[in-house]
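Working notes, beginning with the structure itself.
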Amino acid sequence: MNYSDIHIQLRQWYKSFGRHDLPWRKTNDPYVIYISEMMLQQTQVKTVLDRFFFPFLKRFPTLESIKASSIDEILHAWQGLGYYRRARYIHACAQIASPSLPTDPKELVKLPGIGKSTAHAIAAFSKHYPVAVLDANVKRILYRFFAKTEAKERELWKMAEILLDHEEPYIYNQAMMDLGATVCLPKSPKCEICPFASRCMGRESPMNYPQKRVLKKRPIKQKKIAVLQCGTKLFMRKRKTELLGGLWEFPEMEDLDLPVGNALHKIVQEYTHFKLEAELFLLQTKKSDHMTDGEWIDIASFGKLATSTLEKKILKVLFETDTH
DNA sequence: CATGCGTGGGT
DNA sequence: TACCCAAGCAT
């Protein structure tokens with residue numbers, strides 16, 4: 001199949017309507033593009049742009065600066081962005097690849113946290129490699145363009161490669177993501193202005209592609225959280241779990257063997273796979289010997305630690321302190 | 001191959 | 001409001 005006609009239409013569309021002002025599009029530095037791609041995994045452009053991209057790169061301008069830093073420092077800059085294992089992968093990558101990342105996709109995928117999509121994006125955007133980028137935007141276009149209600153990952157890659165514009169791969173890949181983000185929208189696709197409309201097999205009923213997946217109920221988990229206070233200091237410990245690993249938290253009541261009083265507050269925190277209902281217990285205590293798995297943190301220094309959104313909410317509720 | 005992994009934007 | 005879902009990856 002020859003798609004040169006829509007390749008030309010896509011290039012023209014991109015020239016007029018592409019998101020040319022995205023900052024990671026104004027550089028060919030593989031490291032900068034890498035950071036943007038890691039941040040953008042499962043995360044909206046607006047979030048990355050408004051709050052994370054610039055501060056992070058100011059703090060860590062090179063891969064070498066990542067290598068020279070601790071994971072705690074990386075996590076601190078990652079606070080609030082979520083999926084914190086990404087921060088750990090970036091740190092791990094720097095240990096392996098510093099001073100500079102490879103740009104061959106086959107080398108990139110060997111690095112921790114870099115899959116095929118991210119590898120292709122770095123290669124395509126920094127060196128104009130003729131490889132297809134496959135993100136959520138592109139996937140939605142492919143489902144509709146080929147009128148597929150469902151497809152395995154392997155099939156999606158095959159479709160992506162079939163449609164790739166080998167003459168202008170860089171423009172094509174950027175344009176596809178922009179088209180998905182601004183025209184081929186999940187809820188209300190704007191087919192009337194789409195450069196692919198003439199050959200899109202899903203044109204008549206784009207909402208049928210892909211088929212909606214059945215949503216699962218998220219379980220509710222309950223937790224009693226102990227905020228131990230001694231003067232101006234609070235007891236905190238570092239999480240070693242996969243969820244929120246490396247971030248500082250307040251301990252659970254059941255880990256402390258303390259009498260349960262009345263909860264002061266209830267906080268609800270939504271995660272991907274469950275909803276947490278946390279009851280807060282503020283307890284005035286003395287620093288005691290049996291609590292050796294954590295540290296006493298001055299309330300004024302709370303902001304120096306990397307914490308999750310839940311901990312920030314707790315501090316705000318109990319002490320009306322905003323850490324930012 | 002299905003699931004776990006965070007948070008917040010958009011409707 | 002409630003719900004979907006976003007420049008994915010590892011296990």
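Letters go in sequence order (proteins before strands), and every chain restarts at 1. Not measured: the values here are computed from a predicted model.
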Minimum-distance nucleotide to A:Arg25 side chain [options: C:dA7, C:dC9, B:dG6]
C:dA7

Assess whether a salt bridge exists between A:Asp104 and A:Lys127, defined as any Lys/Arg side-chain N lying under 4.0 Å from an Asp/Glu carboxylate O.
no

Counting side-chain heavy atoms from CB outward, which of B:dT7, B:dG9, C:dG8 is closest to A:Thr47?
B:dG9

Report the residue (A:Arg85 or A:Glu270) whose heavy-atom-nearest nucleotide on DNA chain B is the more 5′ of the two.
A:Arg85

Need to verify one output field. Residue with the more 5' nearest nucleotide on DNA chain C, A:Leu111 or A:Leu22?
A:Leu22

How long is the line joining CZ of A:Arg239 and P of B:dG4, in whole Å?
15 Å

d(CZ, A:Arg218; P, B:dT7) in whole Å:
13 Å

Separation of B:dG6 atom C1' from A:Trp78 atom CH2, nearest Å, is 12 Å

Any A:Met39 side-chain heavy atom under 4.5 Å of A:Ile35 side chain
yes

So, is A:Lys216 close to the B:dT3 phosphate, meaning a side-chain N or O under 4.0 Å from OP1 or OP2?
yes

Below 4.0 angstrom from OP1 or OP2 of B:dG8, is there any side-chain N or O of A:Thr43?
no

Using a 4.0 Å heavy-atom cut-off across all strands, classify A:Thr309 as base, sugar-phosphate, or nothing.
sugar-phosphate

Interatomic distance where CG belongs to A:Leu276 and C1' belongs to B:dC5 [whole Å]:
15 Å

Quick check with a 6.0 Å cut-off and a 45 degree axis cone: is A:Lys148 positioned over the face of A:Tyr143's six-membered ring?
no

Which is true for A:Leu134 with a 4.0 Å heavy-atom rule: it touches a base, it touches only sugar-phosphate, or it touches nothing?
nothing

From the set C:dC9, B:dC5, B:dT7, return the single nucleotide nearest to any side-chain atom of A:Tyr83.
B:dC5

Tell me the interatomic distance from A:Gln211, atom CD, to C:dC5, atom P, rounded to whole angstroms.
13 Å

Min side-chain heavy-atom separation A:Leu280-A:Phe250 under 4.5 Å
no

Can you tell me how far C1' of C:dC9 sits from NE2 of A:His120, to the nearest Å?
15 Å

Check: A:Ile114 main-chain N/O paired with A:Thr118 side-chain donor or acceptor under 3.5 Å
no

Within the structure shown, what part of the strands sits under 4.0 Å from A:Ser188 by heavy-atom distance: base, sugar-phosphate, or nothing?
nothing

Starting the side chain at C-beta, find the nucleotide from B:dG6, B:dG9, B:dT7 nearest to A:Ser308.
B:dT7

Look at all strands and tell whether A:Gly80 reaches a base, only sugar-phosphate, or nothing, counting heavy atoms closer than 4.0 Å.
sugar-phosphate

Any base atoms under 4.0 Å from A:Arg51, or only sugar-phosphate, or nothing? Heavy atoms, all strands.
sugar-phosphate

Which part of the nucleic acid does A:Thr272 contact within heavy-atom distance under 4.0 Å: base, sugar-phosphate only, or nothing?
base

With no hydrogens and no angle check, do the side chains of A:Asn28 and A:Ser126 hold a donor and an acceptor under 3.5 Å apart?
no

Under-4.0 Å side-chain N/O to phosphate OP1/OP2 contact, A:Tyr84 with B:dT7:
yes

side-chain contact (heavy atoms from CB on, under 4.5 Å) partner of A:Gln229, the single match among A:Thr285, A:Leu283, A:Ile299:
A:Ile299

C1' atom, B:dA2 versus C:dA7: distance in rounded Å?
23 Å

Could you check which of C:dA7, C:dC9, B:dC5 has an atom nearest any side-chain atom of A:Glu242?
B:dC5

C:dT1 to B:dG8 separation - C1' atoms, rounded to the nearest Å:
16 Å

Whole Å only: how far is the CG atom of A:Leu156 from the C1' atom of C:dG8?
13 Å

What's the closest nucleotide to the A:Met177 side chain, out of C:dC9, C:dA7, B:dG6?
C:dA7

With heavy atoms under 4.0 Å as the rule, sort A:Leu247 into base, sugar-phosphate or nothing.
nothing

Quickly work out the A:Arg140 CZ to C:dA7 C1' distance and round it to whole Å.
11 Å

At under 4.0 Å between heavy atoms, what does A:Arg19 touch on the DNA or RNA strands: base, sugar-phosphate, or nothing?
base

Sugar-phosphate, base or nothing in reach of A:Ala136, heavy atoms under 4.0 Å:
sugar-phosphate

Answer yes or no: does a side-chain N or O of A:His273 lie under 4.0 Å from OP1 or OP2 of B:dG4?
yes

C:dA6 OP1/OP2 closer than 4.0 Å to side-chain N/O of A:Gln42
no

Under-4.0 Å side-chain N/O to phosphate OP1/OP2 contact, A:Gln269 with B:dT7:
yes

Specify the residue among A:Asn137 and A:Lys187 whose closest nucleotide of DNA chain C lies further upstream toward the 5′ end.
A:Lys187

Do A:Phe274 and A:Ile220 come within less than 4.5 Å of each other through their side chains, counting heavy atoms only?
no

May I ask you to say what A:Glu37 touches in the nucleic acid, namely base, sugar-phosphate or nothing, with a heavy-atom cut-off under 4.0 Å?
base

From the candidates B:dT7, C:dA6, B:dC5, the one with an atom nearest any side-chain atom of A:Leu243 is B:dC5

Whole-Å C1' distance, C:dG8 and B:dC1:
15 Å

